[in-house]
Amino acid sequence: MVLNVKTTPTLEKGRAAPSQAAAVASNAPSQLFIGGEWVSAKAGRTFDVIDPSSADAIATVCDGDIQDAIAAVDAAEKAAGAWKLTSPRRRADILMKCFHLLVEQAEWLAQLITVENGKALPDARSEVAYAAEFFRWYAEEAVRAPGEFGLSPSGANQIIVSHEPIGIAVLVTPWNFPAAMATRKIAPALAAGCTCILKPAAETPLTALAIGELMRQAGVPAGVVNIVPTKKAGPVVSAMLHDKRVRKLSFTGSTGVGRILLREAADQVVSCSMELGGNAPFIVFDDADLETAVAGAMVAKMRNGGEACTAANRFYVQKGIAADFTRRFAEEMAALNVGPGLLADTQLGPLITDAAVAKVERLVDDAIAKGARLVTGGSRVNGEGFYYLPTVLADVSANAEILREEIFGPVAPVIVFDTEDEAVELANDTEYGLVSYVFSQDLKRALAVAGRLESGMVGINRGVVSDAAAPFGGMKQSGLGREGSHHGMLEYLETKYIAATW
């Protein structure tokens with residue numbers, strides 16, 4: 001069965017006025033934020049920010065280079081001593097003020113995310129709420145840095161264990177969650193007493209710069225947070241990693257880039273937290289509640305339009321429920337309204353770039369060429385912007401590239417399995433291990449399967465796992481370290497042991 005497929009579909013909803021997107025963007029800063037000041041790039045270069053719904057340029061942002069990056073490190077170093085000595089309570093108060101300001105500006109920030117990222121406005125609103133929560137969570141964690149005191153087993157001395165700020169941190173964030181990925185790194189760094197330099201993605205710098213301004217208004221001291229947008233990410237980040245004053249790198253992005261940064265960081269033995277790629281399996285057993293499973297699939301696949309490292313990438317459905325699940329899932333996907341994110345009835349916006357659409361096209365075409373059956377969707381949308389129809393594929397071959405690569409788009413390949421062991425084997429057959437999803441009304445079975453899955457996070461009967469209070473991170477080539485919860489602040493703290501006799 002094929003639902004709502006047109007040979008050359010055309011977006012008929014219209015588009016948000018270009019002036020509307022540009023007006024939203026015009027309220028965001030467009031310069032570098034260094035040492036508490038808005039400054040132009042030293043070389044005077046700029047780059048355009050593109051609205052994915054129209055391919056129009058909606059803002060021009062200063063393009064930082066190595067000189068600007070080192071200036072940001074200078075500012076972070078100048079502020080580091082005082083920020084380290086700032087009381088945990090004072091840091092907490094400032095972070096809580098950041099939380100309140102983000103909440104006050106939530107609607108504008110959501111619109112800003114939408115015009116530079118493309119996601120539908122409801123999705124953007126959810127992201128702002130999630131982003132703000134990191135400020136609130138780490139405002140509460142800032143006063144709870146751990147410590148230990150005890151007697152050595154020999155009785156010869158006291159063991160004192162304290163934790164101190166690791167030092168200047170370089171934070172590199174992706175375009176898919178431009179607010180949440182920034183606050184998920186900045187908030188624990190500041191709570192721990194570290195100063196930082198944020199390098200946001202060139203596709204979505206406006207949101208990061210807007211958050212920088214809100215943090216300035218909240219009372220974050222000059223130099224504690226610095227923001228350097230750039231189109232030359234490789235040389236700029238490399239220069240900072242080779243500056244001996246930088247002691248921490250937190251990166252969210254692809255596994256390929258993560259490997260490069262790990263090699264770069266090794267030269268100065270910089271501590272690294274890496275949140276890398278995913279290839280999430282979504283396992284549905286015969287005893288799952290079908291309505292719950294389909295609803296969970298829609299969230300796990302279509303949050304952020306599928307452009308998320310936590311997005312369900314491979315749908316493994318047990319034989320007894322496979323036909324019904326696939327049919328109902330495809331109906332839900334086909335019913336989504338596709339269009340510019342600012343329009344009130346849009347449920348799925350454009351992908352981030354035309355290259356992203358081309359990648360999705362390649363993966364779908366390869367799967368179909370290898371025997372997959374198109375159930376719904378399967379093509380880009382003609383007209384302006386970077387759109388691809390919500391797509392479900394059935395009978396996907398084990399050798400299809402779509403099962404090996406991170407899709408980062410609104411496409412769901414469905415594969416039928418027979419036994420629990422087969423499902424676990426298929427799910428673990430990947431170099432990635434970020435998140436998995438399991439649907440079953442038998443909690444004993446679900447927990448047992450969760451324990452066998454090689455992933456850092458597992459959602460049972462739910463399609464979203466992200467929470468500021470939970471440790472976010474993966475196994476295998478999906479990364480190192482954790483973000484969120486108290487674990488996230490520990491990434492920015494050094495452990496110091498003192499042996500004392502008195």
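Basis for what follows: all heavy atoms, side chains included, without hydrogens, waters or symmetry-related copies.
Put simply, the side chain of Asn428 reaches to within 4.5 Å of the side chain of Leu453, judged on heavy atoms. Contact of the Glu127 side chain with the Arg303 side chain is not registered, since no non-hydrogen atoms from C-beta on lie closer than 4.5 Å. Contact check for Leu121 versus Thr346: no side-chain heavy atoms found under the 4.5 Å cut-off. Side-chain contact between Ser250 and Glu491: absent, with no pair of heavy atoms (C-beta onward) separated by less than 4.5 Å. In this structure, the side chains of Leu434 and Thr310 come closer than 4.5 Å at one or more pairs of heavy atoms. The shortest distance between side-chain heavy atoms of Thr173 and Thr252 does not fall below 4.5 Å. A 4.5 Å side-chain heavy-atom check between Leu290 and Arg328 finds at least one atom pair inside the cut-off. Residues Tyr388 and Lys359 have side chains not in contact (no heavy-atom distance under 4.5 Å, counting atoms from C-beta outward).
Side-chain atoms of Arg259 and Gln477 form a donor-acceptor pair, as typed in the model, at a separation below 3.5 Å. Side chains of Lys476 and Thr430: a donor-acceptor N/O pair is absent below 3.5 angstrom, by distance only. Side-chain atoms of Asn117 and Thr204 include no donor-acceptor pair closer than 3.5 Å. There is a side-chain donor-acceptor pair under 3.5 Å between Ser455 and Ser436. No side-chain donor from either of Thr46 and Asp63 sits under 3.5 Å from a side-chain acceptor of the other. Side-chain contact of Ser273 with Glu483: a donor-acceptor pair under 3.5 Å is absent, judged by distance alone. Of the N and O atoms on the side chains of Lys119 and Thr114, not one donor lies less than 3.5 Å from an acceptor on the other residue.
The heavy-atom pair separating Ala469 from Asp467 by the smallest distance is N-OD1, 2.8 Å. Taking both residues in full, the closest heavy atoms of Pro188 and Thr183 are given as CD-O, 3.8 Å, listed atom of the first, atom of the second, then distance. When all heavy atoms of Cys272 and Leu480 are compared, the closest pair comes out as O-CB, 4.4 Å. The two residues Ala180 and Tyr130 come nearest to each other via the heavy atoms CB-CD2, 3.6 Å. Taking all atoms of both residues into account, the shortest heavy-atom contact from Ala25 to Leu112 is CA-CD1, 3.9 Å.
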Evaluate the side chain to side chain donor-acceptor pair (under 3.5 Å) criterion for residues Asp51 and Ser53: first the C-alpha distance (whole Å), next the side-chain angles of each, then the deciding distance (0.1 Å), finally the verdict. CA-CA 5 Å; Asp51 176 1; Ser53 72; 2.9 Å; yes

Quick one, Glu331 with Arg327, criterion salt bridge (Lys or Arg N to Asp or Glu O under 4.0 Å). Give me CA distance, side-chain angles, the key distance, then yes/no. CA-CA 6 Å; Glu331 288 172 351; Arg327 174 182 55 80; 3.6 Å; yes

What's the verdict on side chain to side chain donor-acceptor pair (under 3.5 Å) for Asn399 and Ser397, showing C-alpha distance, side-chain angles and the deciding distance? CA-CA 5 Å; Asn399 67 343; Ser397 170; 2.4 Å; yes

Between Glu203 and Thr353, is a side chain to side chain donor-acceptor pair (under 3.5 Å) present by the stated rule, with each step listed? CA-CA 9 Å; Glu203 293 87 352; Thr353 61; over 6 Å; no

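Evaluation of the salt bridge (charged side-chain N to carboxylate O under 4.0 Å, His left out) rule for Lys199 yields no partner, not counting sequence neighbours.
With Arg404 as reference, Asp429 is the one residue of Asn313, Asn279, Asp429 to meet the side chain to side chain donor-acceptor pair (under 3.5 Å) rule.
Taking the six-membered ring wherever Trp is involved, the centroid distance between the rings of Phe315 and Phe329 falls below 6.0 Å. Tyr138 has its ring centre no less than 6.0 Å from the ring centre of Tyr492. The ring of Phe472 has its center no closer than 6.0 angstrom to the ring center of Trp137.
For Glu425, the CD atom is loosely surrounded, since the number of other residues' heavy atoms within 6.0 Å does not exceed 12.
Relative orientation of the Phe408 and Trp175 rings is perpendicular, given thresholds of 30° and 60° on the angle between their planes.
Taking the charged nitrogens against the carboxylate oxygens, Lys319 and Glu422 have no contact shorter than 4.0 Å, which rules out a salt bridge.
The side-chain tip of Arg445 points at the ring of Phe285 from less than 6.0 angstrom away and within 45° of straight on.
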